[in-house]
Amino acid sequence: MAANDGEEEATVSLVDVLEEDEELENEASAVLGGSDSEKCSYPEGYVKRQALYACNTCTPKGGEPAGICLACSYKCHEGHDLFELYTKRNFRCDCGNDKFGEMECKLFADKEKVNSGNKYSHNFFGLYCTCDRPYPDPEDEVPDEMIQCIVCEDWFHGRHLGCVVPDCVELQEMICESCMNKTPFLWNYAAHIAVPAITKVSPCKGEEDVKVNGTSACKRKHPEETEGSSEEGSCSGCRLREMKSSGKSRTLQGAVFWPSAWRTKLCTCTDCKVLYADAGVSFLTDEMDTVLAYENKGKSTEQAEQAGGAEGRDPLMSALNNLNRVQQLEIIHEYNDMKTELKDYLQRFAAEGKVVTPEDIRQFFEQQQSRKRRRANAGHQYSFCSDEMADIHIHVCWVNSSIGNICLVKPMQALFQVVEVQL
């Protein structure tokens with residue numbers, strides 16, 4: 001760690017950068033890999049689960065909420081102020097319908113005026129939780145994890161869930177208190193198969209105070225195996241009826257956390273299926289509805305493309321294929337030059353055992369821009385602009401000013417508005 005005037009400066013090592021890069025790529029592959037980045041999802045109807053965005057530029061707060069698919073966020077709303085909604089179930093892309101006024105979807109213009117089957121919330125205006133605040137919230141100085149309810153699919157601060165968030169058990173899914181009260185029969189299941197409510201300090205916390213913010217395990221990590229429950233009832237009868245008759249209960253308060261594979265323990269008798277349908281939660285009996293299943297699909301798609309050596313939907317290759325031979329060579333030459341310069345720049349830090357700070361990264365790209373301006377002033381340049389460049393992603397270190405961390409994989413156009421090659 002480096003110090004400046006007696007104060008520690010936030011720094012990261014090269015190992016940290018590489019590890020964060022891999023983590024970000026894996027997360028992106030999981031969330032985006034299950035969605036198509038080239039074609040609007042509208043023709044597929046109400047998609048079981050997909051990555052969604054809301055455009056604050058086209059449908060700001062005060063108007064009607066609307067959601068757009070991954071491909072439309074790239075092609076139709078480039079440069080707009082977008083809210084990332086992670087994933088939503090049973091949603092049909094709104095891009096270009098009546099909610100967007102005169103704007104038409106560039107990928108699939110023939111759409112109905114509205115999608116009556118879509119469900120919306122304050123998430124589509126960039127607001128979350130019972131506190132109705134944005135995330136990240138510049139006015140919130142309390143570090144906290146956002147956890148998604150699997151029923152309403154809103155995101156909640158751990159401290160606003162009405163319970164202590166377990167952080168010693170790897171959990172998969174959470175249902176908020178409001179949704180539990182709307183589906184009261186789930187309280188019976190909670191008494192038998194949900195993670196017990198925490199009312200005191202967990203042993204693994206040591207001498208620390210009880211935390212109410214979740215960890216990544218509550219939101220991302222999932223156990224591969226879960227022990228079965230001996231209280232789930234006979235497969236030949238109604239499990240829910242047996243749970244009710246057992247007399248076991250729990251406090252009807254706060255959010256409820258559920259272990260992996262808990263959905264398989266829900267009764268699927270005829271009466272219970274009607275109960276789920278009437279409550280609008282039939283998806284709970286579908287294991288493929290889970291975010292985990294969607295993420296695994298994305299990872300499998302990514303791995304299959306890599307194993308087959310195919311170009312798949314890689315934006316760089318897609319853009320290059322639309323250029324002529326001379327333009328391809330020019331862009332590849334510029335890309336290789338920048339990659340070499342960045343590698344040499346970072347190797348100096350590694351050789352001297354130094355860490356890379358955000359200021360170091362800013363300095364590198366300021367030098368790149370300075371060289372570009374000198375070449376422009378000298379008049380020795382060849383310029384090429386293309387909309388395709390907006391989709392090209394390269395692995396470079398870039399400072400995300402909103403969180404102050406070093407991130408990787410950003411659009412090339414964010415680095416160079418014009419690709420220049422010295423003659």
**Report entry** Intermediate values then yes/no, ring pair (Phe, Tyr, Trp, His ring centres under 6.0 Å), H122 and F83
**Finding:** CA-CA 11 Å; H122 62 170; F83 298 125; over 10 Å; no
Report task. Taking all non-hydrogen atoms of both residues into account, name the closest pair between L127 and K61 and its distance. Result -> CD1-NZ, 3.5 Å
Requested in this report: Determine yes or no for a side-chain-to-main-chain donor-acceptor pair under 3.5 angstrom, with Y189 supplying the side chain and C267 the backbone.
Outcome: yes
Query raised in the report: Can you list the steps and then say if R49 with V291 is a side chain to side chain contact (heavy atoms under 4.5 Å, CB included)?
Result: CA-CA 8 Å; R49 183 168 295 281; V291 173; 3.9 Å; yes
**Report entry** D144 side-chain N/O to G158 backbone N/O, donor-acceptor pair under 3.5 Å
**Finding:** yes
**Report entry** Spatial distance of atom NE2 (H160) from atom CZ (R133) [nearest 0.5 Å]
**Finding:** 10.5 Å
Query raised in the report: Quick one: are F257 and P166 in side-chain contact, heavy atoms under 4.5 Å?
Result: yes
Query - Backbone N/O of D360 and side chain of Y345: donor-acceptor pair under 3.5 Å - result: yes
Requested in this report: Could you tell me whether the side chain of T59 and the main chain of N56 form a donor-acceptor pair under 3.5 Å?
Outcome: no
Requested in this report: State yes or no: are the ring centers of Y128 and Y135 separated by less than 6.0 Å?
Outcome: no
Query raised in the report: How many angstroms lie between NZ in K297 and CG in L292, if you round to the nearest 0.5 Å?
Result: 14.0 Å
Query raised in the report: Which is it for H157 and T130 under the side chain to side chain donor-acceptor pair (under 3.5 Å) test, yes or no, and what are the steps along the way?
Result: CA-CA 8 Å; H157 295 98; T130 54; over 6 Å; no
Query raised in the report: Between the side chain of Y74 and the main-chain N/O of E38, is any donor-acceptor distance below 3.5 Å?
Result: no
Query raised in the report: Any luck finding a side-chain donor-acceptor pair between K248 and N188 under 3.5 Å?
Result: no
Query raised in the report: Does D289 pair with R263 as a salt bridge, N-O distance under 4.0 Å?
Result: yes
Report task. Could you go through the side chain to side chain contact (heavy atoms under 4.5 Å, CB included) check for W187 and N181 one step at a time? Result -> CA-CA 8 Å; W187 288 113; N181 290 332; 3.3 Å; yes
Report task. Using a strict 4.0 Å threshold on nitrogen-to-oxygen distance, state whether K119 and E153 make a salt bridge. Result -> no
Query - Heavy-atom side-chain contact between K111 and C93 under 4.5 Å - result: yes
Query raised in the report: For L186 and W258, which heavy atoms make the closest approach, and how far apart are they?
Result: O-CH2, 3.6 Å
Requested in this report: Anything under 30° is parallel, anything over 60° is perpendicular, the rest tilted; go ahead and classify F124 against F91.
Outcome: parallel
Query - Side chains of H80 and S73, donor plus acceptor under 3.5 Å - result: no
Requested in this report: Kindly compute the distance separating CG (L275) from OG1 (T270), expressed to the nearest 0.5 Å.
Outcome: 12.5 Å
Query raised in the report: Does one side chain, of Y294 or S35, offer a donor that lies under 3.5 Å from an acceptor on the other?
Result: yes
Query - Any donor-acceptor pair under 3.5 Å from S121 side chain to N123 backbone - result: yes
Query raised in the report: Is a side-chain donor or acceptor of N97 paired with a backbone partner of D94 at a separation under 3.5 angstrom?
Result: yes
**Report entry** Sub-4.5 Å side-chain heavy-atom contact between R239 and C269
**Finding:** no
Query raised in the report: Between M103 and C95, which heavy-atom pair has the shortest distance, and what is it?
Result: CE-SG, 3.9 Å
Query raised in the report: Minimum heavy-atom separation for A190 to V256, with atom names?
Result: CB-CG1, 4.0 Å
Report task. Please tell me if the side chains of K88 and L85 come closer than 4.5 Å, counting only heavy atoms from C-beta onward. Result -> yes
**Report entry** Reported CD-to-SG distance for the pair Q50 and C69, which is rounded to 0.5 angstrom
**Finding:** 6.0 Å
Report summary line: Value for CG (L161) from SG (C149), rounded to nearest 0.5 Å, stands at 9.0 Å
Report task. Start with the C-alpha distance between C176 and M180, add both sets of side-chain angles, then the distance that settles side chain to side chain contact (heavy atoms under 4.5 Å, CB included), and finish with yes or no. Result -> CA-CA 6 Å; C176 69; M180 288 294 296; over 6 Å; no
Requested in this report: Could you check R159 against D140 for salt bridge (Lys or Arg N to Asp or Glu O under 4.0 Å), going step by step and ending with a plain yes or no?
Outcome: CA-CA 12 Å; R159 65 186 186 274; D140 186 4; 2.6 Å; yes
Report task. Check whether any side-chain N or O of N118 sits under 3.5 Å from a backbone N or O of R92 as a donor-acceptor pair, and report yes or no. Result -> yes
Query raised in the report: Hey, does the Lys NZ or Arg CZ of R89 hover above the aromatic six-ring of F283, less than 6.0 Å from the centre and inside 45° of the axis?
Result: yes
Query - side chain to side chain contact (heavy atoms under 4.5 Å, CB included) between Q148 and F156, worked out - result: CA-CA 6 Å; Q148 188 180 37; F156 298 84; over 6 Å; no
Query - Check: L284 and I150 side chains under 4.5 Å, non-hydrogen atoms - result: yes
Report task. Specify the closest pair of heavy atoms between A66 and K99, including all atoms of both residues, with the distance to one decimal. Result -> CB-CD, 3.9 Å
Query raised in the report: Should the pair K113 and F100 be classed as cation-pi, given the thresholds of under 6.0 Å to the six-membered ring centre and 45° from the axis?
Result: no
Report summary line: Between the SG atom in C40 and the NZ atom in K106, the distance rounded to the nearest 0.5 Å is 13.0 Å
Query raised in the report: Can you tell me if CD on E104 sees more than 12 non-hydrogen neighbours from other groups inside 6.0 Å?
Result: no
Query raised in the report: Hey, are the side chains of C105 and C72 touching, using non-hydrogen atoms and a 4.5 Å cut-off?
Result: yes
Requested in this report: May I ask you to test the I68-H77 pair for a side-chain heavy-atom distance under 4.5 Å?
Outcome: yes
Query raised in the report: Is it true that atom CZ of R241 has more than 12 heavy atoms of other residues, nucleotides or ligands lying nearer than 6.0 Å?
Result: no
Query raised in the report: Are any of the side-chain heavy atoms of D271 and L240 separated by less than 4.5 Å?
Result: no
Query - Donor-acceptor contact present, side-chain K265 to main-chain I193, <3.5 Å - result: no
Query - Exam field: side chain D36 to backbone A71, donor-acceptor pair closer than 3.5 Å - result: no
Requested in this report: Using the six-membered ring wherever Trp is involved, compare the ring planes of F185 and Y276 and label them parallel, tilted or perpendicular (cut-offs 30° and 60°).
Outcome: tilted
